[in-house]
Amino acid sequence: MKTIRLLIICFTVLMTSCQNDDEYEAPDTLSDVAYYTSVFPGSPFNASAEKDVISFMDASQGAITHEWTIEEGNFFLKPGFKANDSLPSFINEELGLSTSDKTAHVMFMNEGINKVCLKNTFGEPVTLQTEDGPISAVQEGDVWVFEKCFEIDVFAKDIQPAFKVLQDGEEILSVGPNDEINKDASTWPVVDVEVNKTLTFVDLSTVGRPNDRTWGFSGIPKSSTDSIAEVAFLNFGTTSNVGSIRSSRIAPLPTASTFMPIPLKVRVVSSSQPFEILSEISENESGKLTFQVSGIVDPASLSGESGNFTVNVVNEASGFDQNIAVQTVGINSEDGSILELTLAEPVYNSDRITVSYAEGNIRSTDQRVLNAFEDKKATLNAGEDVLASDERYSFEIEEDRGNGGNTAGWWTNHNNPWYFMGTQEISAADGTRVVRFHADDYAMVPDVTWFWGLSAAETAALVPNAGAYRLSIKVYRESGSTIGAFVINTNPEWVISVVDFSEGEDGQWMTYEVDIELTDAMERLNIGVRKADNPSVSGPQTFYIDDIKLAPIEARP
């Protein structure tokens, strides 16, 4: 159903005098149309069924007859109600669907578009000027009939959640908007789910037109606001209530919220899949190397496992190439599927580290043995981002200066329309805004397309010191695009660094890094797309960038 919301003037008399030709003689009384409503001027009005009332008053002059009409299912109310009163107790049982009272108080019960109509008769023509144009009375016999209908978008008083749960694509539970949930959880069905396998939860709520939701789960993630949520379960041997949904209607719509448990229990059983590393290896803020595995780790199995890890550290600048011993192997305190390696010596962000594991005795709680792995690259903590104080490097501030780019601090002089443009059309890697590069046909773009950054003075204030830095930038390439590189230009020395994202996965944010050497304070940080770096690329091309960071590189002593 197409939603049409009421736009009417309230607390304002709308009056138009009768008009006729030059021979018209004014009568003894004036006929005109006017009305009041309890809707604020110029605002679309949404009503919540059984909770909201709209009052209408006919202030017309010279009318012969007068009538308000409503639709079946709605009610006229007696006067005297106050805020927070139960409106149904004020229903005027003596009135049906019409009243000749000058003032009508209407309670709405029907979800969707509802009409309240005013019908007056006059002994002469009348016209009302409205925002949508004039409304004129129509002659019927000896009288002139004026009709005006108001449309109100009514929302159900209560949200009624509806959802379904899928396992391996098969529906295992469905709850409709009118289904009642047995509060006795002992009666709920139990589904077996293998460790690290998922259930899919799909929100089907429509009654009350909710526009927001929050899932709560006993698995991972613990919560979600997505309409479809994939949830994994890692705690072998446990049986728990699977979770809940809160379906809500939030501003600017009339607010309402309903909480409902999901009447299902999940029993986590042993997995038939290998116990293996799932994530990249990364350094956390405390200097530990961490990675996730496909199940909850049995703490008792970690004894004596340090020697089965090999951590190789290479630093070309210092000539360092050695294995650093793993001092302890532990489990993350908040997530039992994350292992933490504490090293016997410090590492630096200028190091290149690989980690290997020779199969030992690390086991999951369902007694699967962790698979061996070799030469997994570790991503080290980048260190302090010297650009963090200026959110223009994450493109968060919209600004149209007329020279392209549409994002504060940046501009471009290439227009087809603008190849580079700040936007919110996709979910940002960080914050809300990103920058898009788009060409309808890449064969037609200039040899170099520049996106110019902050002024020399502003850039130098952020990065005043010479030295070696690591720049990281997030890139999202649209599926179907074949463009695979852009450049970063930094001053002084006009250094060009190529960011190659040709091998990255499309349709998701990927992080890329380049190392730069500054001989003085940095005066420029520009981004460019060069045809020389993208040979044979043609046709429509789109990628997005976000979240530029710059951190000093730590030299290994």
Side-chain angles (χ1 to χ4, degrees), residues 163-175 181-202 214-224 226 228-245 260-279 281 284 288-306 308-309 328-342 357-373:
F163 51 85
K164 64 181 178 180
V165 183
L166 307 177
Q167 184 177 36
D168 297 327
E170 297 293 327
E171 184 178 297
I172 60 172
L173 178 70
S174 178
V175 174
I181 302 298
N182 191 329
K183 295 182 180 179
D184 183 1
S186 67
T187 65
W188 296 352
V190 179
V191 58
D192 287 342
V193 180
E194 290 187 11
V195 170
N196 208 44
K197 284 296 188 72
T198 63
L199 296 180
T200 304
F201 297 80
V202 183
T214 300
W215 300 97
F217 299 116
S218 59
I220 297 175
K222 295 293 184 184
S223 64
S224 174
D226 294 335
I228 300 176
E230 291 281 343
V231 182
F233 299 88
L234 299 179
N235 290 308
F236 169 70
T238 60
T239 300
S240 59
N241 299 344
V242 79
S244 62
I245 182 173
M260 181 178 287
I262 300 170
L264 182 68
K265 290 177 174 288
V266 61
R267 179 167 53 216
V268 185
V269 299
S270 182
S271 175
S272 59
Q273 301 301 309
F275 188 39
E276 58 189 355
I277 184 172
L278 288 182
S279 69
I281 299 174
N284 65 18
K288 297 177 181 179
L289 300 182
T290 72
F291 58 92
Q292 186 174 43
V293 293
S294 57
I296 300 296
V297 178
D298 179 0
S301 70
L302 298 182
S303 178
E305 286 297 309
S306 299
N308 289 321
F309 286 94
T328 61
V329 181
I331 300 173
N332 182 274
S333 60
E334 296 182 358
D335 188 338
S337 68
I338 295 179
L339 284 170
E340 298 180 337
L341 309 182
T342 302
Y357 174 66
E359 186 174 301
N361 193 46
I362 296 179
R363 296 176 181 270
S364 63
T365 51
D366 60 336
Q367 297 305 297
R368 292 173 293 145
V369 177
L370 182 62
N371 283 359
F373 56 83

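- Checking side-chain atoms of Ser218 against main-chain N and O of Asn241 turns up a donor-acceptor pair under 3.5 Å.
- In this structure, Leu341 and Val329 have side chains that are in contact, with non-hydrogen atoms separated by less than 4.5 Å.
- Using a 4.5 Å heavy-atom cutoff, the side chains of Val193 and Val266 are in contact.
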Side chain to side chain contact (heavy atoms under 4.5 Å, CB included) for Ser271 and Arg368? Distances and angles first, verdict last.
CA-CA 8 Å; Ser271 175; Arg368 292 173 293 145; 3.5 Å; yes
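- Atom CD1 of Ile296 and atom CG of Leu234 lie 4.5 Å apart (nearest 0.5 Å).
- The structure places OG1 of Thr238 at 11.0 Å from CZ of Arg267, a figure rounded to the nearest 0.5 Å.
- Taking 4.5 Å as the limit, some side-chain heavy atom of Leu264 sits within range of a side-chain heavy atom of Pro189.
- Atoms OG and CG, on Ser186 and Asn182 in that order, are 7.5 Å from each other to the nearest 0.5 Å.
- In this structure, Phe201 has its ring center under 6.0 Å from that of Phe217.
- Between Phe163 and Trp215, the ring planes lie perpendicular to each other; the angle is over 60°, past the 30° to 60° tilted range.
- Between Phe233 and Val268, the closest heavy-atom pair is CB-CG2, 3.8 Å.
- One side chain, Thr198 or Glu230, offers a donor N or O that lies under 3.5 Å from an acceptor on the other.
- Residues Val175 and Met260 meet the side-chain proximity criterion, which asks for heavy atoms closer than 4.5 Å.
- Counting only distance, with no hydrogens or angles, the side chain of Glu194 and the backbone of Ser272 share a donor-acceptor pair below 3.5 Å.
- Gly360 and Asn308 make their closest contact through CA-ND2, 3.6 Å (heavy atoms, listed as atom of the first residue, atom of the second, distance).
- Residues Ile262 and Trp188 come closest through the heavy atom pair O-CZ3, 3.7 Å.
- Take Phe309 and apply the ring-ring contact (aromatic ring centres under 6.0 Å, His included) test, not counting sequence neighbours, and it matches Tyr357.
- When side chains are defined from C-beta on, Asn332 does not count as touching Thr290, because their heavy atoms never get closer than 4.5 Å.
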Apply side chain to side chain contact (heavy atoms under 4.5 Å, CB included) to Asp366 and Phe275, showing your working.
CA-CA 10 Å; Asp366 60 336; Phe275 188 39; 6.0 Å; no
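- Within the 4.5 Å cutoff, side-chain heavy atoms of Leu173 are placed close to those of Pro263.
- The structure places CG of Leu199 at 5.5 Å from CD of Gln167, a figure rounded to the nearest 0.5 Å.
- Side-chain N or O atoms of Ser294 include one that pairs as donor or acceptor with a backbone N or O of Pro274 at under 3.5 Å.
- Judged by distance alone, the side chain of Ser337 and the main-chain N or O of Gly295 form no donor-acceptor pair under 3.5 Å.
- At a threshold of 4.5 Å between non-hydrogen side-chain atoms, the residues Ile228 and Thr200 count as touching.
- Distance check, rounded to the nearest 0.5 Å: CG of Asn371 to CD of Glu359 gives 6.0 Å.
- No donor-acceptor distance shorter than 3.5 angstrom exists from the side chain of Ser240 to the backbone of Val242, with no hydrogens or angles considered.
- Pairs passing the salt bridge (charged side-chain N to carboxylate O under 4.0 Å, His left out) check and including a residue from residues 294-306, sequence neighbours excluded, do not occur.
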Let me see the working for Ile331 and Ile338 under side chain to side chain contact (heavy atoms under 4.5 Å, CB included), right down to the final yes or no.
CA-CA 6 Å; Ile331 300 173; Ile338 295 179; over 6 Å; no
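- Taking 4.5 Å as the limit, every side-chain heavy atom of Thr328 sits out of range of all side-chain heavy atoms of Glu340.
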Determine whether Leu339 and Leu302 satisfy the following criterion, side chain to side chain contact (heavy atoms under 4.5 Å, CB included), listing intermediate values before the conclusion.
CA-CA 10 Å; Leu339 284 170; Leu302 298 182; 4.0 Å; yes
